[in-house]
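Encoded as structure tokens, the structure appears first; notes follow it.
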Amino acid sequence: KHGAVDFRLNLIFTGPYTGQFMIAQVFADLAALSKARDAANADPQLQQILADNAKVGSVMHEREILISVDL
């Protein structure tokens, strides 16, 4: 909705976060990521989803930005 070129939902099977979900979003570049973050933060639908998740105890454990280079 806000410009990701790929979106993945993964279930973690090993380690300290076993049984939890990981969401990965892929953007064309950092400018696209920045634009999408601004749009998502202003999206009332997303804010409602985050509020509903917080009510049931969902929390974000980590946020990472990974940059890859095609070789």
If the condition is side-chain contact (heavy atoms from CB on, under 4.5 Å), which residues does S34 pass it with, not counting sequence neighbours? D38
Whichever hydrophobic residues join M22 through chains of side-chain contacts under 4.5 Å: I12, Y17
Q25: which residues meet the side chain to side chain donor-acceptor pair (under 3.5 Å) condition with it, sequence neighbours left out? none
Please give the remaining members of the hydrophobic cluster of F13, linking ILVMFWY side chains under 4.5 Å, ordered by chain and number. F7, L9, L11, F21, I23
Show which residues join V5 in its hydrophobic cluster (side-chain heavy-atom contacts under 4.5 Å, direct or indirect), or state none. V26
Does anything in residues 13-37 form a salt bridge (Lys or Arg N to Asp or Glu O under 4.0 Å)? List the pairs, not counting sequence neighbours. none
Provide the full list of salt bridge (Lys or Arg N to Asp or Glu O under 4.0 Å) pairs with a residue in residues 8-25, sequence neighbours left out, each pair given once. D6-R8
Please, which pairs that meet salt bridge (Lys or Arg N to Asp or Glu O under 4.0 Å) have at least one residue in residues 9-22, sequence neighbours excluded? none
Show me the pairs that pass salt bridge (Lys or Arg N to Asp or Glu O under 4.0 Å) and involve residues 43-58, at least two apart or across chains. K1-D43
